[in-house]
> 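This is the structure, below, for whatever I ask next.
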Protein chains: 2
Amino acid sequence: MTEPQGFASESERVTRQLRDEILDGLRAPGSRLVERELAGELGVSRIPVRDALRQLVTEGLVTPRPRSWAIVREFTAADVADLHEVRAAFERLAFRLAVERRTREGLQLLRGTVDAELRAARACDAVAARRAAADFHEVVTAMAANELLNELQRTIRSRMRWLLAQHDDLVGIAREHEALYDAIADRDAERVDALVEGHLTLGYSHSWDA
Amino acid sequence: MTEPQGFASESERVTRQLRDEILDGLRAPGSRLVERELAGELGVSRIPVRDALRQLVTEGLVTPRPRSWAIVREFTAADVADLHEVRAAFERLAFRLAVERRTREGLQLLRGTVDAELRAARACDAVAARRAAADFHEVVTAMAANELLNELQRTIRSRMRWLLAQHDDLVGIAREHEALYDAIADRDAERVDALVEGHLTLGYSHSWDA
DNA sequence: CGTGCGATGCTGGTATACCGAATCGGCCGA
DNA sequence: TCGGCCGATTCGGTATACCAGCATCGCACG
């Protein structure tokens, strides 16, 4: 799932690095992101940094400030609520389409992410479990075979990762993913719908706790 | 609704101009978009053109080609189908939230767009009717009071405009919008749901948009 | 006459330099 | 002491210049 970054332009490398630094908490929410500073730190010119910042703005990880520097986004409770609402709509669509359009290859990939997630969750490897959980949703979205849906999913992927890092019932989530996999494999649309609804509610209540 | 473009950077101006030229059909699908050429035509340097192209790529109006020039997007039947699916999910969410969170000011704005659309449609002013129809959906999305939803809506707005230009039952659409307005004003969630569903199915079967 | 290969030009990617606006600090006056 | 003004500095926006990869076209050779 971790895409083969074999080739990448400077812009992509800078984007990836800044994104990871933000999501890993190395750059605190609210901290300044100044093009010249970052260019100096990373040893590149301002252009790749500029491109990266724009990309991260569209991903919602960076807040641009007109005619001033950008800052690492500070998520508010309202942001989280908004994200949950949109995510729910996305996943309902993604799972519905995935059930219709599932392929043998897709199911195998999905099974792999579920297994990896269960293993990691039981081993209390939070990083691997969250990565596998994110992979699960990406594979489902891919199975939905809707280019636009996948495109929009990519733009909110970072925010999803952020959301996923906010709670920690790893085994529970993995079990739900396993149940979802079974329902998709059985082509049981109604069971998938029910599980998705439950899944969304779970994520919603948990994030309110945090 | 036409945002007050009082101030704008070169990048934004170039973006707006290219976007309009594409949507108005002045730039045919598949035609080349070369940074240096556009810079020369528009009398600016490559940077604003570069920014504009990237923006239009995220809006889905331009197809980037790695290490080669970009082209004006050619929409396929699959693209249209994808757009309809995503749009349906968006609108279900937007209308549901709009019913819950409607405000007096929002309703007044919405009423204005419906009236404008009906007037324009009856006068066979297609341009004004389509603009009003687009405004209707934007006001609904705004009333949904979900920042992320509005953000994603902005990125697919151009594609919606394209879709809207593909059919011509202007009066019918205006009437459906009026019915939707009434249901929202009555806070009748079920009627809104039913209208949205009918709207989407109808739009899909014989003509596009809602 | 066909095919393979190399040179050349086109294109986006990147670096550097300049500019105008916005900000923030200090200073002066009330 | 506080408030307003003004200048130095900071910052993103833009322009120009250079670079490396790819594609095409033409030429030479089989």
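Per chain, numbering begins at 1; letters A, B, ... match sequence-line order.
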> Side chain of B:V34 only, please: which of C:dT11, C:dG13, C:dT14 is the nearest?
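My answer, after comparing the listed nucleotides, is C:dT11.
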> Does C:dG12 have its OP1 or OP2 closer than 4.0 Å to a side-chain nitrogen or oxygen of B:S68?
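Result: no.
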> Under the 3.5 angstrom rule, does the side chain of B:R65 hit a backbone N or O of B:A70 as a donor-acceptor pair?
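No, the answer is negative, given that no donor and acceptor are paired below the 3.5 Å cut-off.
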> From CZ of B:R36 over to P of C:dT14, roughly how many Å is that when rounded to an integer?
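Taking CZ of B:R36 and P of C:dT14, I get 14 Å after rounding.
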> Using a heavy-atom cut-off of 4.0 Å across all strands, would you classify B:P66 as base, sugar-phosphate, or nothing?
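The residue B:P66 makes no contact with any strand.
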> Judged by atom type as modelled, is there a donor-acceptor pair below 3.5 Å linking the side chain of B:R187 to the main-chain atoms of B:E100?
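Yes.
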> Which part of the nucleic acid, if any, lies within contact of A:L53, taking any heavy atom under 4.0 Å across all strands shown: a base, the sugar-phosphate backbone alone, or nothing?
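Touches nothing.
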> Looking at B:D79 and B:R159, is any side-chain nitrogen of the basic one under 4.0 Å from a carboxylate oxygen of the acidic one?
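Between B:D79 and B:R159 there is no salt bridge, as every charged N stays at least 4.0 Å from the carboxylate O atoms.
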> Mark yes or no for a side-chain to base donor-acceptor pair under 3.5 Å between B:R65 and C:dG12, with no hydrogen or angle criteria applied.
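Such a pair does not exist between side chain and base.
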> Taking any atom under 4.0 angstrom from a heavy atom of chain B, which nucleotides of DNA chain D are the first and last to qualify, 5' to 3'?
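Taking any atom under 4.0 Å from a heavy atom of chain B, the span is D:dT14 to D:dC22.
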> Judged by each residue's nearest nucleotide on DNA chain C, which is more toward the 5′ side, A:S11 or A:R46?
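That would be A:S11.
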> Using 30° and 60° as the class limits, which term best fits the ring planes of B:H137 and B:H177: parallel, tilted or perpendicular?
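Perpendicular.
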> Take B:W69 and A:V44, find for each the nucleotide of DNA chain C with the closest heavy atom, and name the residue whose nucleotide sits nearer the 5' end.
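The residue closer to the strand's 5' end, by nearest nucleotide, is B:W69.
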> Would you compute the distance between atom CG of B:N146 and atom CG of B:L93 and round it to the nearest 0.5 angstrom?
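Spacing of CG (B:N146) from CG (B:L93) equals 6.5 Å.
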> Rounded off to whole Å, could you give me the CG-to-P distance for the B:L33 and C:dC10 pair?
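Checked: the CG to P distance equals 18 Å.
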> Let me know, please, whether A:R32 or A:I47 comes out on the 5' side of the other along DNA chain D by nearest nucleotide.
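Comparing both residues, the 5'-ward one is A:R32.
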> Does A:R154 pair with A:E151 as a salt bridge, N-O distance under 4.0 Å?
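No, this pair does not count.
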> Using whole Å, what does the distance between atom C1' of nucleotide C:dC10 and atom CD of B:E35 come to?
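Those two atoms, CD and C1', are 12 Å apart.
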> Could you tell me the separation between the CZ atom of B:R50 and the P atom of C:dT11, rounded to a whole number of Å?
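Rounded to whole Å, this separation is 16 Å.
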> So, B:E12 versus B:T15: side-chain donor-acceptor pair below 3.5 Å or not?
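Short answer, no.
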> Rounded to whole angstrom units, what separation is found between the CD atom of B:E10 and the P atom of C:dC19?
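One finds 17 Å between P of C:dC19 and CD of B:E10, rounded.
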